[in-house]
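Worksheet: one structure, shown below.
All heavy atoms count here, side chains included; hydrogens, waters and symmetry mates do not. Note on naming: letters A, B, ... go to the chains in the order of the sequence lines (proteins, then strands), and numbering restarts at 1 for each one.
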Amino acid sequence: MPELPEVETVRRGLAPAMEGAFITRLELNRPDLRFPLPENFASAVEGRRIVSLGRRAKYLLIDLDDDLTVISHLGMSGSFRIEDDTVGEFHHPRSKNAKHDHVVFHLQREAAPRRIIYNDPRRFGFMHLWKRSELDLYPAFAELGPEPTGNALDADYLAGRFSGKNQPLKGALLDQTVVAGLGNIYVCEALWRSHLSPKRAAGSIVTKTGRPKKELALLHTAIREVIADAIAAGGSSLRDHIQTDGSLGYFQHSFSVYDREGKPCRTPGCGGTVARITQAGRSTFYCPACQK
DNA sequence: TTATAAACCTGTCAGC
DNA sequence: TGCTGACAGGTTTATA
């Protein structure tokens with residue numbers, strides 16, 4: 001499910017309930033998700049206090065008070081929800097099938113016990129334990145590109161990565177070593193906002209001397225803006241993504257091209273129709289009329 | 001080096 | 001109603 005804005009929404013939803021709380025018990029309802037859960041996972045985290053909640057790209061980071069960090073990835077269908085731990089089973093109207101509640105953090109903080117439930121029907125998500133002081137050595141982080149909203153991502157950096165590349169822009173932007181956190185939805189949206197075709201070679205928006213063309217500067221701006229807009233809206237709820245309180249994100253109502261095949265392009269005066277093609281096995285939505 | 005395809009797993013939806 | 005096939009927000013591994 002989640003791209004960067006959805007994970008950030010989850011982080012913001014969980015932080016008030018988790019930061020400062022003690023983990024009294026970790027409930028593991030199966031031995032694995034996509035990968036085996038960490039060895040001695042429960043004994044490593046039980047009794048620890050959660051110092052803070054962080055995020056890197058699409059990864060949620062739960063920092064404990066002893067230099068350990070729980071690294072959590074939600075895959076395609078993972079979600080967290082918060083429940084009052086003094087009552088029994090509670091089901092929000094939109095709540096998930098409890099048979100996919102794989103990991104439950106039981107928390108104690110001041111007077112209110114809570115449980116944080118990780119649900120993931122497809123089990124493409126995973127959790128790892130890693131030393132916080134060595135987080136840069138975590139394999140997935142070692143090669144990760146800059147955050148799309150940070151200062152490290154600018155047009156010059158992208159020019160360096162795109163220069164000489166024949167790979168289509170769609171694939172180049174999905175590459176997490178180029179930009180960290182972009183997924184299928186927001187790549188489509190950012191390309192639409194910058195009027196660039198997803199089929200365009202990445203190297204074609206870089207000059208012969210390796211400088212960013214104007215189009216690349218527009219793309220950089222579009223990436224920043226679409227991510228910021230989506231975070232402000234609480235992410236996008238398609239099938240699986242719900243916020244930690246069970247409510248939905250709203251950005252899906254703002255999609256300009258994603259999942260809008262056959263519908264009119266929203267570029268003012270364009271008059272084109274949104275098309276859907278397959279690139280590297282994944283759906284791409286774009287407007288052939290205004291994305292060149 | 002680069003690019004595509006398949007794999008992981010379950011749920012949902014369209015079509016017959 | 002029930003079956004089948006296509007498809008889904010991600011990442012890794014294998015194959016060409």
| side chain to side chain donor-acceptor pair (under 3.5 Å) contacts in which one or both residues fall within residues 149-159 of chain A, not counting sequence neighbours |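 Qualifying pairs, neighbours excluded: A:Asp156-A:Arg211, A:Tyr157-A:Arg161.
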Donor-acceptor contacts, no H, no angles, side chain residues 34-43 of chain A, under 3.5 Å, sequence neighbours left out:
{"unit_1": "A:Ser43", "atom_1": "OG", "unit_2": "A:Asn40", "atom_2": "O", "d": "3.1"}

| task | Name all residues meeting the side chain to side chain donor-acceptor pair (under 3.5 Å) criterion together with A:Arg123; count only those two or more places apart in sequence or in a different chain, and write none if there are none. | result |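 A:Arg123 satisfies side chain to side chain donor-acceptor pair (under 3.5 Å) with no residue once adjacent residues are dropped.
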| task | Taking Watson-Crick and G-U wobble pairs with both distances under 3.5 Å, convert DNA chain C into its dot-bracket string, 5' to 3', dots for unpaired and | for cross-strand pairs. | result | .|||||||.|||||||
Please list each protein N or O that sits under 3.5 Å from an N or O in nucleotides 3-7 of chain C, with the distance.
{"unit_1": "C:dC7", "atom_1": "O3'", "unit_2": "A:Arg276", "atom_2": "NH2", "d": "3.4"}

Of all residues at least two apart in sequence or in a different chain, which pass the ring-ring contact (aromatic ring centres under 6.0 Å, His included) check with [X]?
X: A:Tyr118; answer: A:Phe80
X: A:Phe141; answer: A:Tyr59, A:Tyr138
X: A:Tyr258; answer: A:Phe255, A:Phe285

| query | First and last nucleotide of DNA chain B touching chain A, 5' to 3', heavy-atom cut-off 4.0 Å? | reply |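 In short, chain A contacts DNA chain B from B:dA3 to B:dG11.
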| request: Quick one: list whatever passes side chain to side chain contact (heavy atoms under 4.5 Å, CB included) with A:Ala155, sequence neighbours left out. | output: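 Partners of A:Ala155 by the side chain to side chain contact (heavy atoms under 4.5 Å, CB included) criterion, ordered by chain and then number, come out as A:Pro212.
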| Got a sec, which residues hit side chain to side chain contact (heavy atoms under 4.5 Å, CB included) with A:Thr267, two or more places apart in sequence or on another chain? |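 By the side chain to side chain contact (heavy atoms under 4.5 Å, CB included) rule, A:Thr267 matches A:Trp192, A:His195, A:Cys265, A:Cys270, A:Cys290.
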| request: Scan A:Tyr258 against the nucleic acid and name what it touches under 4.0 Å (heavy atoms): base, sugar-phosphate only, or nothing. | output: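 Contact class for A:Tyr258: sugar-phosphate only.
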| said: Taking any heavy-atom pair under 4.0 Å as a contact, classify A:Arg123: base, sugar-phosphate, or nothing. | reply: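 Since only primed, P, OP1 and OP2 atoms lie under 4.0 Å of A:Arg123, the category is sugar-phosphate.
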| query | For A:Asp175, which residues count as a salt bridge (Lys or Arg N to Asp or Glu O under 4.0 Å) partner, sequence neighbours excluded? | reply |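 Residues passing salt bridge (Lys or Arg N to Asp or Glu O under 4.0 Å) with A:Asp175: none at all.
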